[in-house]
J.: 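Sharing a structure below in structure tokens format, with a few things to ask.
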Amino acid sequence: MERKNEKGTIKINDHIFARIVGEAISRTGGKAFPASEKGKLLTGIGGSMPGVGELADNLVVCEEQDGSIFLEWYIIMSFGASIHRATKLMLDYAEKELKSMFPGQPGRAVVRIVGVKSRLIAVRDLEVERKWN
């Protein structure tokens, strides 16, 4: 993704967005875990948060035709966790960061819940979306 201003062109790669997503997920306090689109749990060494490269490979970021920013990522929720509370924490953080990166530009962030984790991972297909102007 590129941004042009009077000083030149700035290129923003997916790793920047992956850092935002990683921090957003970590704000849930272990209630949400990064996942692939197909519901595979993404983990780093020792079960920690995966690196930004793996996160970047499993998110969707683009500029839509109307000029708004679109960011989508996938998670697996912990069994018994409040989906409303966890997704609100993630989307609040993502919205704040994206608004600071792209001031005055509309945007949309989507969290897709692809599973619920207890002993095993049960497949789910829920979407929580946040739009701003």
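Heavy atoms only: backbone and side chains are in, while hydrogens, waters and symmetry mates are out. In this chain, residues are counted from 1 in sequence order.
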J.: Indicate, with yes or no, if Leu71 and Leu89 share a hydrophobic cluster defined by side-chain heavy-atom contacts under 4.5 Å among Ile, Leu, Val, Met, Phe, Trp and Tyr.
T.: no
J.: Taking the basic N atoms (NZ, or NE/NH1/NH2) and the acidic carboxylate oxygens, is any pair closer than 4.0 Å for Arg130 and Asp92?
T.: yes
J.: I'd like to know if Glu64 and Arg108 make a salt bridge, using a cut-off of under 4.0 Å between side-chain N and carboxylate O.
T.: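 Between Arg108 and Glu64 there is a salt bridge, with a charged N closer than 4.0 Å to a carboxylate O.
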J.: Could you check if a side-chain atom of Ile20 sits within less than 4.5 angstrom of a side-chain atom of Tyr93, using non-hydrogen atoms only?
T.: yes
J.: Can you name the nearest heavy-atom pair linking Ser118 to Phe79, along with the distance?
T.: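 For Ser118 versus Phe79, the nearest heavy atoms are CB-CB, 3.8 Å.
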J.: More than 12 heavy atoms of other residues, nucleotides or ligands under 6.0 Å from CD of Glu129: is that the case?
T.: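 Enclosed.
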J.: Between Ser26 and Met49, which heavy-atom pair has the shortest distance, and what is it?
T.: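 In terms of heavy atoms, the two residues are closest at N-CE, 4.1 Å.
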J.: With the threshold set at 4.0 Å, does a side-chain nitrogen-carboxylate oxygen contact exist between Arg19 and Glu23?
T.: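 Here Arg19 does not pair with Glu23 in a salt bridge, since their nearest N and O are not under 4.0 Å apart.
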J.: How far does CD1 of Ile76 sit from CG of Leu41, to the nearest 0.5 angstrom?
T.: 4.5 Å
J.: So, Ser78 side chain and Ala81 main chain: donor-acceptor pair closer than 3.5 Å or not?
T.: no
J.: Quick one, Val114 and Asp125 - any side-chain contact, counting heavy atoms below 4.5 Å?
T.: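 When only atoms from C-beta onward are counted, Asp125 and Val114 do not touch, as no gap falls below 4.5 Å.
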J.: Looking only at heavy atoms, which two atoms of Ala32 and Ile25 are closest? And how far apart?
T.: O-CG2, 3.4 Å
J.: Within a strict 4.5 Å, meaning less than it, do heavy atoms of the Asp57 and Leu55 side chains meet?
T.: no
J.: Take Glu72 and Leu59 through the side chain to side chain contact (heavy atoms under 4.5 Å, CB included) test and state the conclusion after the steps.
T.: CA-CA 6 Å; Glu72 177 181 64; Leu59 61 87; over 6 Å; no
J.: Once rounded to the nearest 0.5 Å, what's the spacing between atom CD1 of Ile113 and atom CE of Met77?
T.: 5.5 Å
J.: For residues Tyr74 and Val21, determine if any side-chain heavy atom of one lies less than 4.5 Å from a side-chain heavy atom of the other.
T.: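 Heavy-atom side-chain distance check fails, nothing below 4.5 Å.
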J.: Inspect the surroundings of CG in Asp66 and state if more than 12 heavy atoms from other residues, nucleotides or ligands are less than 6.0 Å away.
T.: yes
J.: Give the minimum heavy-atom separation between Asn58 and Ala35, together with the two atoms involved.
T.: CB-O, 3.9 Å
J.: Once rounded to the nearest 0.5 Å, what's the spacing between atom OG of Ser68 and atom CG of Leu98?
T.: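 Here the interatomic distance stands at 11.0 Å.
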J.: Taking the side chain as every heavy atom from C-beta outward, state whether Ile12 and Phe102 have any pair of such atoms under 4.5 Å apart.
T.: yes
J.: Is the closest side-chain heavy-atom distance between Val128 and Val110 below 4.5 Å?
T.: no
J.: With rounding to the nearest 0.5 angstrom, report the CZ to CD1 distance, Arg124 to Ile83.
T.: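 These two atoms lie 8.5 Å from each other.
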J.: Cation-pi between Lys117 and Phe33: NZ/CZ under 6.0 Å from ring centre and within 45° of the ring axis?
T.: yes
J.: Quick one: does any side-chain atom of Glu63 pair with a main-chain N or O of Phe70 as donor and acceptor, under 3.5 Å?
T.: no
J.: Side chains of Leu42 and Pro50: closer than 4.5 Å at any heavy-atom pair?
T.: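 When only atoms from C-beta onward are counted, Pro50 and Leu42 do touch, with a gap below 4.5 Å.
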J.: Nearest 0.5 Å, what's the OG1-CG distance between Thr87 and Leu126?
T.: 10.0 Å
J.: Check the hydrophobic clustering (I, L, V, M, F, W, Y; side-chain heavy atoms under 4.5 Å; chains of links allowed) and say if Ile16 and Ile10 are grouped together.
T.: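 Result: yes, single cluster for both.
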J.: How many angstroms lie between CH2 in Trp73 and CE in Met90, if you round to the nearest 0.5 Å?
T.: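 One finds 6.5 Å between CH2 of Trp73 and CE of Met90.
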J.: Would you call Met101 and Phe17 a side-chain contact if the rule is heavy atoms closer than 4.5 Å?
T.: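 A side-chain contact exists here, since the closest heavy-atom pair is under 4.5 Å.
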